[in-house]
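Report on the following structure.
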Amino acid sequence: MLRWIYRFLNSSIGRKALMASTGLLLIGFLIAHLAGNLSLYKGEGVFDEYAHFLGGLEILPLAEFLLALLFVAHITMAILTTLENRGARPVKYAVAASHGKKTVSSTTMFISGLVVLIFLGKHLWDFRLHKEAFEKAPAEVVQTALSNPLTAMVYILGAIALGFHLFHAFASAFQTLGVNHPKYTPALTWLGRVLAVILALGFASFPLIFWLSQGGAH
Amino acid sequence: MSAEKTMKLNLKIWRQKNADSNGSIEDFQLDGVSTDMSFLEMLDVLNEQLISAGREPIAFDHDCREGVCGCCGAVVNGQVHGPDEETTLCQLHMRRFHDGDTIQIEPWRSRAFPVIKDLIVDRTAFERIQQAGGFVSVSTGSAPDANTISIPTRDAEKAFDFAECIGCGGCVAACPNGAAMLFTAAKVAQLVTLPQGKLERSSRVLTMVERMDAEGFGDCTNHYECSAACPKGVPIEAIAVMNREYLRATFLSPEGA
């Protein structure tokens, strides 16, 4: 009965489609996450209120579970596809030139994804798993975490890697899901690139500002 | 047109005795290469010299030498079919090179295209993909009346863009992932764009993709190098068409249940 699903998930196009659709949903999460974080700029009180509102949602455990599922599916498909592709050319070219289409972003998707994953591990520890994260006010937790230069550095690198990842990812996901149209594809390509820059700058702005303000205080 | 000139070239060519042996790059010096020669004629001249010297000539695939058969192809200085856009190797001319140039010539590199000898690779994987569903089932009795099914010009032109694929394998060679998606997609998209191909659209895309995966090609991650390297300029849109045909066949058709 479920043979067709098994076949789909074992096919090149099925895996890519799952990677693309989970990726787009994760971008949706990132937009909401950045929008929420921006409340920090409205003052600590506003941010704390927002964080408490999120923390009080009954649906939160389910939302977190689904979000984790998106990550697991996206990363699993990425690993399977990357392994498959590494094996598809056992003998490399002595000279490998480009025909002008591949980009730094498109050729480093696995590496940029890995950097984002390392950042994510640190981020979850700092704000979700670490005991202190529940003992202080949310804005204070942010302040404590980001005033550590090493943490700030990891967060900035994570944001840059995310930017590189999304620069290719957004438009690529649409192509993978079969959306290629002379009217919309050029717009989607540019929308994806602008979105990548906005999300990278947006997320990098928090560690940058906290780090700089902390540096000034010392 | 500039007058014919001759030049001296340093060639670095992949030599491999057979499928089971390990190959390596061999250096050759070739003098008196005319700028009016095609790339394959340049290799012919080299082979004549090798044969005269009692050495094994360089094996390479070729047939029509008019850019329509899909037989020839090699990676020249890292570029599939050489530096010219929408040009097969046989249509590449030596005037694109300069006196004293070093030219690196390698076969297509793919797990699914094992090297048979020197620059010749086994491309029967493409034939097996084609046989898995790249056809329409029609009665071959009497010739059908012309124009019994009207096809809008736009569709006919679109189908022709996809049908231009000559199956040379350059897309696989150019893909950083060694994927065969542009080839397979060109066939799927060509047939599904026409009314005659719509009857078998679901089974076709499922079996062709299954075959493509089984042959050991990589997965497309949308670098778009394939379409840029394609000597026939098969548009990247073909892959999107195949992707949505595959999703449609999987989720909306009873095929494969």
Quiz item: So which of A:T82, A:T81, A:N85 actually passes side-chain contact (heavy atoms from CB on, under 4.5 Å) with B:N177?
Solution: A:N85
Under 3.5 Å donor-acceptor, [X] side chain and [Y] backbone:
X	Y	result
A:Y93	B:E106	no
A:R89	B:A173	yes
B:E225	A:K102	yes

Quiz item: Between A:M19, A:K92, A:H99, A:K16, which shows the greatest number of heavy-atom pairs under 4.5 Å with chain B?
Solution: A:H99
Practice problem: Would you mind telling me which of A:M109, A:Q175, A:R15 has the largest number of heavy-atom pairs within less than 4.5 Å of chain B? | Solution: A:Q175
Self-check item: Under 4.5 Å from any heavy atom of chain B - which part of A:S98
Solution: both
Quiz item: Would you say A:S106 and B:N222 make side-chain contact, with heavy atoms under 4.5 Å?
Solution: no
Practice problem: Using a 4.5 Å cut-off on heavy atoms from C-beta on, say whether the side chain of B:S227 contacts that of A:K101. | Solution: no
Self-check item: Plane angle bin for B:F251 and A:F8 - parallel if under 30°, tilted between 30 and 60°, otherwise perpendicular
Solution: perpendicular
Exercise. Over 60° means perpendicular and under 30° means parallel, so classify the ring planes of B:H223 and A:H168, tilted if in between.
Key: parallel
Self-check item: Residues B:R111, A:E84: salt bridge by 4.0 Å N-O rule
Solution: yes
Self-check item: Over 12 non-hydrogen atoms of neighbours within 6.0 angstrom of NZ in B:K198
Solution: yes
